[in-house]
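Here, residue 1 is the first one in the sequence, and each next residue gets the next number. This is a predicted model, so every value here is computed, not measured.
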Amino acid sequence: MKAPPRGCGALLFLLVLVALLPGAGASVLRAALGLPLWVGALVGLWGAAVGVGGALARQSIWPTHRGLALLQVLFLAVVAGVTWRMLGIPVMDGLVSVGGGDAGNHAALRMDFVTHEPGTYQGFTLFHTVTYGLGWLFGLDTFSSFRAGFYLVPAVLAGVLAASLEFAVGRLWRSSRACAVAQGALLAATVIVWPFLLLRLLHYHQADGFYGHLFGLVPLVLAWAAYALPRAAWARCAALAVFTVLYRYTYGLNLGDFLLMGGVLALVEGFSSFGREHRRLAWLARLMGLAFLAASAFAYGKLLPLAPVYGSLIHHDPVRALRTQGWCVVGLLVLRFFSPRGEAVERRLIDFALVFGGVNALVQLAYLKAGLPVGYYFLKYSFHAVVLLLCAGLLVASIRVGSLVQAAPVRRRGWRVALAVLVAAGLAAVTRGWSRAFAAYSPSYQERVRGQPPFALLSALEDRAGSALIRQVLRDEGKRLGGLLSPSWARVNFSNVALGWVPENFTATNGHWPLFSEGRVRRAPGACVFWEAAPEDWEDYHQHAVEGLPALEAQVRALHAEPGRTCRQYPVRWAQRGTRTLCFHCD
């Protein structure tokens with residue numbers, strides 16, 4: 001039998017394996033058992049070495065089809081270029097803020113987790129472990145490691161799409177031409193859908209500081225591929241078990257959806273995929289499915305008390321988003337039963353996304369019907385399902401286009417063309433529907449894409465030049481940080497942690513909120529206090545006083561009036577005037 005063409009798919013999976021397994025092992029074993037990070041990292045490295053060694057022994061990872069490999073490299077390069085062009089915003093060094101303080105909270109809990117609190121944040125710490133590891137390996141500061149962690153998310157999404165398409169089409173038709181056409185279709189569709197919708201969603205979740213929630217996409221899409229691609233049912237069930245653990249220790253908002261989906265898929269595998277010679281494995285899969293279903297009920301029970309939780313975030317149109325999600329699920333369900341029966345990989349890709357997205361939609365519908373408040377966690381709840389369904393749509397549409405170059409009878413060829421056209425039209429329709437639903441994110445996204453001041457909605461997460469100046473002053477003076485005051489809540493919360501001041505209990509005080517709202521700096525001999533003092537900053541301090549935070553302006557003005565203060569002006573590309581002013585006083 002002719003071997004399927006190989007591009008860079010296996011190499012991409014191995015690269016992700018080597019990059020993430022040490023962090024995954026360190027995060028899970030520390031959060032679950034309290035072990036030092038280096039122990040879990042060694043376990044992860046051993047797992048990565050076993051995986052790489054097995055792949056090398058089989059000699060099945062190197063590309064055999066140069067054209068397909070080049071197309072995949074082109075796809076990844078284009079995605080990387082589009083992502084950086086739309087989100088990179090060089091004047092702010094790649095990360096932005098729309099005003100929320102969650103980024104600083106994540107920086108603080110990362111330090112708590114790696115130093116003395118293994119159980120912090122209920123163990124949702126994969127992002128924090130990975131970024132801490134990147135900082136340790138490459139000498140990155142907090143901002144740079146967060147930036148690397150954020151851009152790792154679209155990189156993994158693109159890699160999984162390219163590799164999954166290769167394996168799906170290669171196993172289906174073993175045709176080099178079909179693989180190349182499908183990869184070309186994926187490139188064309190992604191160039192449209194990626195900047196039009198997906199990057200807008202990634203932008204907003206980064207800008208509001210939802211880093212843990214964002215990083216949850218990584219184990220989700222990896223689980224999607226790990227379930228769909230193996231030929232053996234036991235391997236698919238093992239993938240569900242492993243990635244359930246990894247997903248649980250990344251972010252918990254959609255854990256109930258994942259567990260319920262895993263339970264359904266494991267039960268289906270247990271009742272339909274094992275032959276008589278594997279009865280014990282079949283029963284094990286059924287028991288695993290039942291355990292997952294029970295665990296999902298527990299996870300949903302933990303979520304319900306969060307319904308009234310308030311948090312400041314931009315409100316999209318949840319009803320329109322849910323309606324579009326429902327139509328997407330219906331479309332995949334129809335495609336699931338009308339696609340040719342021999343296409344098992346495509347069906348499993350659809351099944352995973354269909355069950356996860358369908359369960360997520362039903363939970364939202366039940367929530368709205370119950371009259372519960374549309375608040376912080378509900379508005380974040382659909383994000384993972386929307387991204388997964390969108391990725392499924394991109395893959396399925398590309399597979400259907402690849403099928404058009406396969407020889408077939410005239411009647412079947414007509415059916416393939418009709419199916420490809422319908423899937424492409426459906427992908428365009430749901431992309432447009434979600435674009436309208438998430439239109440509230442567009443103004444800040446457009447500012448980010450434009451990338452030049454003036455900025456009405458965006459601000460710098462950290463004034464990188466200002467932080468460098470603070471470090472220089474502390475080093476030259478031989479002093480410690482007494483606090484940085486700024487009219488930006490996001491900058492106060494993030495920069496003070498990045499500069500070394502981690503709140504003793506950031507959950508009780510909402511990070512550095514007392515520092516921002518009341519100007520509670522640490523005045524003591526040997527400490528330096530800093531404050532932003534550009535003309536626009538004074539306007540913003542006064543605006544905060546008008547809106548109910550007068551103590552911040554009063555404290556900054558009192559500091560500014562003290563003898564012995566020093567002010568320095570320095571160029572900054574993101575400021576409208578082109579310069580910023582930082583003042584400080586050392587005791």
Side-chain angles (χ1 to χ4, degrees), residues 82 86-87 154 157 161 185-186 188-205 207-208 210 213-214 217 220-221 224 253-254 257 313-339 349-350 352-369 374 378-401 418-446 449:
V82 170
M86 297 298 181
L87 303 184
L157 291 178
L161 284 173
L186 179 63
T190 304
V191 165
I192 298 170
V193 172
W194 203 268
F196 187 66
L197 176 60
L198 183 60
L199 291 183
R200 192 196 314 176
L201 297 176
L202 297 184
H203 147 73
Y204 172 67
H205 283 74
D208 229 344
F210 306 148
H213 189 36
L214 257 173
L217 291 173
L220 178 63
V221 297
W224 178 46
L253 184 59
N254 298 101
D257 301 341
L313 77 171
I314 296 175
H315 287 231
H316 64 268
D317 185 345
V319 175
R320 185 188 288 271
L322 177 57
R323 187 184 305 122
T324 304
Q325 185 174 337
W327 281 115
C328 185
V329 168
V330 169
L332 284 177
L333 185 62
V334 172
L335 181 64
R336 167 68 173 77
F337 289 101
F338 279 90
S339 60
L349 288 166
I350 292 174
F352 188 104
L354 179 62
V355 179
F356 186 91
V359 167
N360 182 272
L362 289 175
V363 170
Q364 291 181 70
L365 183 61
Y367 186 96
L368 292 174
K369 291 293 185 182
V374 177
F378 180 79
L379 290 170
K380 292 171 64 177
Y381 187 72
S382 66
F383 173 62
H384 281 194
V386 169
V387 173
L388 180 62
L389 289 169
L390 195 62
C391 289
L394 285 169
L395 263 191
V396 171
S398 303
I399 293 171
R400 292 297 99 216
V401 172
L419 196 58
V421 170
L422 286 173
V423 172
L427 177 61
V430 297
T431 301
R432 185 168 178 265
W434 274 322
S435 180
R436 290 183 173 184
F438 296 104
Y441 304 162
S442 291
S444 60
Y445 177 55
Q446 290 167 2
V449 172

In Å and rounded to the nearest 0.5 Å, what is the [atom1] to [atom2] distance from [X] to [Y]?
| X | Y | atom1 | atom2 | answer |
| --- | --- | --- | --- | --- |
| Met86 | Leu198 | CE | CG | 12.0 Å |
| Phe337 | Leu332 | CZ | CG | 12.0 Å |
| Ile350 | Leu335 | CD1 | CG | 4.0 Å |
| His203 | Leu214 | NE2 | CG | 11.5 Å |
| Phe196 | Ser435 | CZ | OG | 3.5 Å |
| Leu157 | Leu202 | CG | CG | 6.5 Å |

Under 3.5 Å, is there a donor-acceptor pair between the side chain of [X] and the main chain of [Y]?
| X | Y | answer |
| --- | --- | --- |
| Trp434 | Ala321 | yes |
| Ser398 | Leu394 | yes |
| Trp224 | Leu349 | yes |
| Gln325 | Gly357 | yes |
| Asn254 | Asp257 | no |
| Arg436 | Arg432 | no |

Could you tell me which non-hydrogen atom of [X] sits nearest to which non-hydrogen atom of [Y], and how far apart they are?
| X | Y | answer |
| --- | --- | --- |
| Leu87 | Leu199 | CD2-O, 3.7 Å |
| Asn360 | Ser382 | OD1-CA, 3.7 Å |
| Ala397 | Leu427 | CB-CD2, 4.1 Å |
| Val329 | Gly358 | CG2-N, 3.8 Å |
| Leu322 | Ala361 | CD1-O, 3.6 Å |
| Thr324 | Val430 | CG2-O, 3.4 Å |

- Show the numbers, then the answer: is there a side chain to side chain contact (heavy atoms under 4.5 Å, CB included) between Leu253 and Phe383? CA-CA 10 Å; Leu253 184 59; Phe383 173 62; over 6 Å; no
Would you say that [X] contacts [Y] through its side chain, given a criterion of any heavy-atom pair below 4.5 Å between the two side chains?
| X | Y | value |
| --- | --- | --- |
| Arg200 | Pro195 | no |
| Val386 | Leu388 | no |
| Pro154 | Trp194 | yes |

- Query: Are Tyr441 and Phe438 close enough that their ring centers fall under 6.0 Å?
  - Reply: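 For Tyr441 and Phe438, the ring centres are under 6.0 Å apart.
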- Does the ring center of Tyr367 lie less than 6.0 Å from the ring center of Phe378? yes
- Stepwise side chain to side chain contact (heavy atoms under 4.5 Å, CB included) check, Val374 with Leu368: CA-CA 8 Å; Val374 177; Leu368 292 174; 3.8 Å; yes
- Task: Only counting residues at least two apart or in another chain, list the ones meeting ring pair (Phe, Tyr, Trp, His ring centres under 6.0 Å) with His384.
- Result: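 So His384 forms a ring pair (Phe, Tyr, Trp, His ring centres under 6.0 Å) with His213, Tyr247.
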